[in-house]
Amino acid sequence: MKAVSKLLQKIPPSTLSCSYRYSSSLQETSSLLNDFTNFCYHRDLPRAMHALETMEKHGVYADAVTYSNLIKCCLAHKAVREGKRLHHHVFSNGYAPKTFLINTFLNMYVKFNLLEEAQKLFDEMPERNVVSWTTMISAYSYVKLNDMAMKLFVLMVREGVMPNMYTFSSVLRACERLYDVKQLHCSMVKVGLESDVFVRSALIDVYSKLGELLEAMNVFREMVTGDNVVWNSIIAAFAQHSDGDEALYLYKSMGRASFPADQSTLTSVLRACTSLSLLELGRQVHVHVLKFDQDLILNNALLDMYCKCGSLEDAKFIFNRMAGKDVISWSTMIAGLAQNGFSMEALNLFGSMKVQGPKPNHITILGVLFACSHAGLVNEGWYYFRSMKTLCGIDPGREHYGCMLDLLGRAGKLDDMVKLIQEMNCEPDVVTWRTLLDACRAHRNVDLAAYAAKEIQKLDPQDIGAYVLLSNIYANSKRWSDVAEVRKAMRVRGLRKEPGCSWIEVNKKIHAFILGDKSHPQIDEIDKQLNQFISRLSGAGYVPDTNFVLQDLEGEQGEDSLRNHSEKLAIVYGIMSFPKEKTIRIWKNLKICGDCHIFAKLIAKLEQRHIVIRDPIRYHHFKDGVCSCGDYW
DNA sequence: CTAGGGTTAG
């Protein structure tokens, strides 16, 4: 009897009087309520809903806590209809629900992605507390309706409702301007909320999104107590901004501070390995990844690491083994194959994706066009480009036009390029004109090149590439006075071409070779070896291709400057450091020049080596005197 | 009843 009276205490007074009036007995009332509460507790939605109906018939009503349990039940079952019915049921009984119960419905609508319903309920609420406001702000920031989230935050403060740490971490996601973040940051410090770990990671995240890594680092450093999410936030920040070194350093510190690495940590670490081309470290991380075997995002990052580090065997192994591959997995593998020169395999994979994979997205198509472009498959390129709308439902964007222009440019179809630029659905930008300019240089069209270069200079007067290419074109056509003029214009603006630089990983250390830099401790030995190789290759018919000297504005003239190209030094150092069976992997900041390309092919044959060079655009696999790019890049 | 971190291209 004590239990029954305890149950009845939970029933709102207005409801209670109802239950006395209509129910047949007190015993029956309590047993109905008991059943209902039990069903809710066990998340048995159908029975709970049924019990509720029976209760209604007897004029018995549950209390707010039980209702909120039932709502949780609906959420767990994704039962939208039942949730709505519950909502109308509660509101039609003539008693005003408490704010916290309405908040629960608010939350339910948000979780069901019914933002309009939530907003309507929010507007009709007799009073709104921090939780009501925060629920709405969080809902809008989650779907990137940032203006709405910011607007609600301002309204909330104006109405005198104090934001708490939940509110701040929600509203931070919606900030698009540094000014707003700083303002919020100040308010948080004032009320002493900035030490909350949720707020802290949200701050790090938003500073990182705005590119303010120093601010992000400051927030991180001030941390007294933290958790692994805060660590993950700061590691992700650096990994996403291509500062792999810092990301890896923080990863090590995280371990020293005894915070365990989880899926999120490892994903960022792999991304760092990818951007630094650290295949060996990536392999070590792979071992830890095995603990999170079913994590899709993590496996995608692993897959990308193997692709970008040029180890396609590993990438294919991972890809074939992955269960539940998504668009990103497929796109990564297709682009990986294409970038490593396996265009036909990439196109075949796209074929099977259409049969048995997820729906391709605009990035998938980019990989496909890239494959066509780098294999010189003009007709196939046109086919995929023209049919992407009907086959995949994707309108060509700026990048797709860019890929097509690249394809046409490589194939020397300059007229088609101009036509395509005219029919583009967006304004040509610097990249568009640079693609045209590159094509003009490769196919010696001086007049069109000059036109493109001038368009570039209109859009970006600081663009070094335009000057360099224009100068090279004039040089190739022996128009020396024009060359002098371009160089003078560069000097006046204080522009210098970035020096060529190549990296190679030996014994887990990165060795950098920069054009004209002699600081490597073994440079004398490398030089000696290089000279020996060159004379041996000369015997086999190697002639330095001085045509490419003309691309090198800063270098000295003649064979000497070619001889010192950083990738040659890196290749020789790789041969010196590695046994024959180990693949030599080199990373380069500029596109490989024609002479180094020939050199790499010949030396791969002479020394029986497998050499992989990754430039900013693609990969070259040298083996047995040929390159995977088919001399087309 | 309300809050934080990770993957493809450019």
Side-chain angles (χ1 to χ4, degrees), chain A residues 64-65 67-69 71-72 75 97-108 110-111 128-139 141-142 163-173 193 196-206 208-209 226-237 239-240 247 261-272 274 289 292 295-305 307-308 322 325-336 338-339 360-370 397-400 402-403 429 431 616-617:
Chain A
V65 173
Y67 273 125
S68 80
N69 271 328
I71 296 169
K72 275 188 204 158
L75 278 171
K98 294 268 190 297
T99 303
F100 102 84
L101 182 56
I102 308 182
N103 283 342
T104 311
F105 280 112
L106 210 55
N107 179 41
M108 181 191 78
V110 169
K111 294 277 158 65
R128 290 169 275 267
N129 63 15
V130 215
V131 178
S132 330
W133 286 100
T134 304
T135 303
M136 292 311 292
I137 290 170
S138 149
S141 68
Y142 186 76
N164 61 16
M165 52 257 244
Y166 290 79
T167 325
F168 278 120
S169 46
S170 298
V171 76
L172 277 173
R173 297 169 58 111
L193 284 178
D196 179 72
V197 283
F198 280 76
V199 167
R200 199 174 281 281
S201 58
L203 265 174
I204 291 173
D205 196 40
V206 72
S208 157
K209 260 184 219 140
D227 63 5
N228 59 336
V229 178
V230 182
W231 279 94
N232 288 343
S233 303
I234 194 71
I235 293 174
Q240 285 163 352
D262 63 10
Q263 297 96 310
S264 180
T265 326
L266 294 179
T267 305
S268 296
V269 170
L270 281 174
R271 181 163 171 163
T274 306
V289 170
F292 309 100
D295 193 299
L296 182 59
I297 297 181
L298 182 52
N299 274 305
N300 283 342
L302 185 66
L303 177 65
D304 190 43
M305 186 276 292
C307 285
K308 294 277 161 50
M322 274 170 72
K325 298 184 265 278
D326 66 355
V327 212
I328 296 187
S329 327
W330 287 85
S331 307
T332 304
M333 193 68 236
I334 290 171
Q339 284 164 342
N361 66 12
H362 64 118
I363 295 170
T364 321
I365 307 292
L366 278 180
V368 171
L369 293 178
F370 188 96
R398 181 180 290 286
E399 288 93 353
H400 299 103
C403 254
D429 64 358
V431 181
I617 311 202

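The model shown is predicted, which means the values in this text are computed figures rather than measured ones. Letters go in sequence order (proteins before strands), and every chain restarts at 1.
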B/dA3 C1' sits how many Å from A/Ile137 CD1, rounded?
11 Å
When only distance counts, do a donor and an acceptor, one from the side chain of A/Asp295 and one from the base of B/dG6, lie under 3.5 Å apart?
yes
Under 4.0 Å, counting only non-hydrogen atoms across every strand here, what does A/Leu298 touch: a base, just sugar-phosphate, or nothing?
base
Are any of A/Arg398's side-chain N or O atoms less than 4.0 Å away from OP1 or OP2 of B/dA9?
no
Kindly indicate whether the side chain of A/Ser169 and the base of B/dG4 share any N or O donor-acceptor pair separated by less than 3.5 Å?
no
Students often get this wrong, so: under 4.0 angstrom with heavy atoms, is A/Ser68 touching a base, only sugar-phosphate, or nothing?
nothing
Check whether any side-chain heavy atom of A/Ile102 sits under 4.5 Å from a side-chain heavy atom of A/Thr99, and report yes or no.
no
Sugar-phosphate, base or nothing in reach of A/Lys72, heavy atoms under 4.0 Å:
sugar-phosphate
To the nearest Å, how far apart are A/Trp231 CH2 and B/dG6 P?
17 Å
Whole Å only: how far is the NZ atom of A/Lys209 from the P atom of B/dG6?
7 Å
Counting heavy atoms from C-beta on, name the nucleotide in B/dT8, B/dA9, B/dG6 closest to the side chain of A/Ser264.
B/dG6
Could you check which of B/dG6, B/dC1, B/dA3 has an atom nearest any side-chain atom of A/Thr267?
B/dG6
What contact category does A/Asp262 fall into here, base, sugar-phosphate, or nothing, at under 4.0 angstrom with non-hydrogen atoms?
base
Rounding to a whole Å, what distance do you find between A/Ile71:CD1 and B/dT2:P?
11 Å
Counting the atoms with a prime plus P, OP1 and OP2 as sugar-phosphate, which does A/Ala236 contact under 4.0 Å by heavy atoms, base, sugar-phosphate, or nothing?
sugar-phosphate
Does A/Lys111 make a side-chain N or O approach to OP1 or OP2 of B/dC1 shorter than 4.0 Å?
no
If I take atom CZ in residue A/Phe370 and atom C1' in nucleotide B/dA9, what distance separates them, rounded to the nearest angstrom?
10 Å
Testing B/dA9, B/dA3, B/dG6 for proximity to the side chain of A/Tyr166, the answer is B/dA3
Length of the line joining A/Ile365:CD1 and B/dG10:P, which is rounded to integer Å:
14 Å
Quick check for you: among B/dT2, B/dA9, B/dG6, whose closest atom lies nearest to any side-chain atom of A/Lys308?
B/dA9
With hydrogens left out and only the distance checked, is there a donor-acceptor pair under 3.5 Å joining A/Asn103's side chain and the base of B/dC1?
yes
Specify the separation, in whole Å, of atom CG of A/Asp429 and atom P of B/dG10.
13 Å
B/dT7, B/dT2, B/dA3: which one has an atom nearest the side-chain heavy atoms of A/Met165?
B/dA3
Which nucleotide in the set B/dT7, B/dA9, B/dT2 lies at the smallest distance from any side-chain heavy atom of A/Asp326?
B/dT7
Please determine if a side-chain N or O atom of A/Gln263 lies less than 4.0 Å away from the OP1 or OP2 oxygen of B/dT7.
no
When you compare the side chain of A/Lys308 with that of A/Gln339, does any pair of heavy atoms fall below 4.5 Å?
yes
Less than 4.0 angstrom between a side-chain N/O of A/Arg173 and OP1 or OP2 of B/dG4, yes or no?
yes
When you compare the side chain of A/Arg173 with that of A/Asp205, does any pair of heavy atoms fall below 4.5 Å?
no
With A/Ser132, which of A/Thr134, A/Thr135, A/Asn129 fulfils side-chain hydrogen bond (donor to acceptor under 3.5 Å, both in side chains)?
A/Asn129
Of the nucleotides B/dG6, B/dT2, B/dT7, which has the atom closest to the A/Asn300 side chain?
B/dT7
Among B/dT7, B/dG4, B/dA3, which is the nearest nucleotide to the side chain of A/Asp205?
B/dG4
Which nucleotide in B/dG10, B/dA3, B/dT7 has an atom nearest any side-chain atom of A/Asp196
B/dA3
Measure across A/Ala247 and A/Ala272 and return the closest heavy-atom pair with its distance rounded to 0.1 Å.
CB-CB, 4.0 Å
Can you confirm whether A/Thr265 sits close enough to A/Ile235 that some side-chain heavy atom of one is under 4.5 Å from a side-chain heavy atom of the other?
yes
Please work out if A/Val171 contacts a base, only the sugar-phosphate, or nothing of the nucleic acid, heavy-atom cut-off 4.0 Å.
nothing
Hey, does A/Thr332 reach any base, or is it just sugar-phosphate, or nothing, if we go heavy atoms under 4.0 Å?
sugar-phosphate
Taking CH2 from A/Trp133 and C1' from B/dC1, how many angstroms apart are they, rounded to a whole number?
17 Å
I need the single residue from A/Asn300, A/Asn299, A/Leu302, A/Leu298 that forms a side-chain contact (heavy atoms from CB on, under 4.5 Å) with A/Thr267. Which is it?
A/Leu298
Picking from B/dG4, B/dT2, B/dT7, which would you name as closest to the side chain of A/Val230?
B/dG4
Taking donor-acceptor contacts at under 3.5 Å, does the side chain of A/Ser170 reach the base of B/dA3?
no
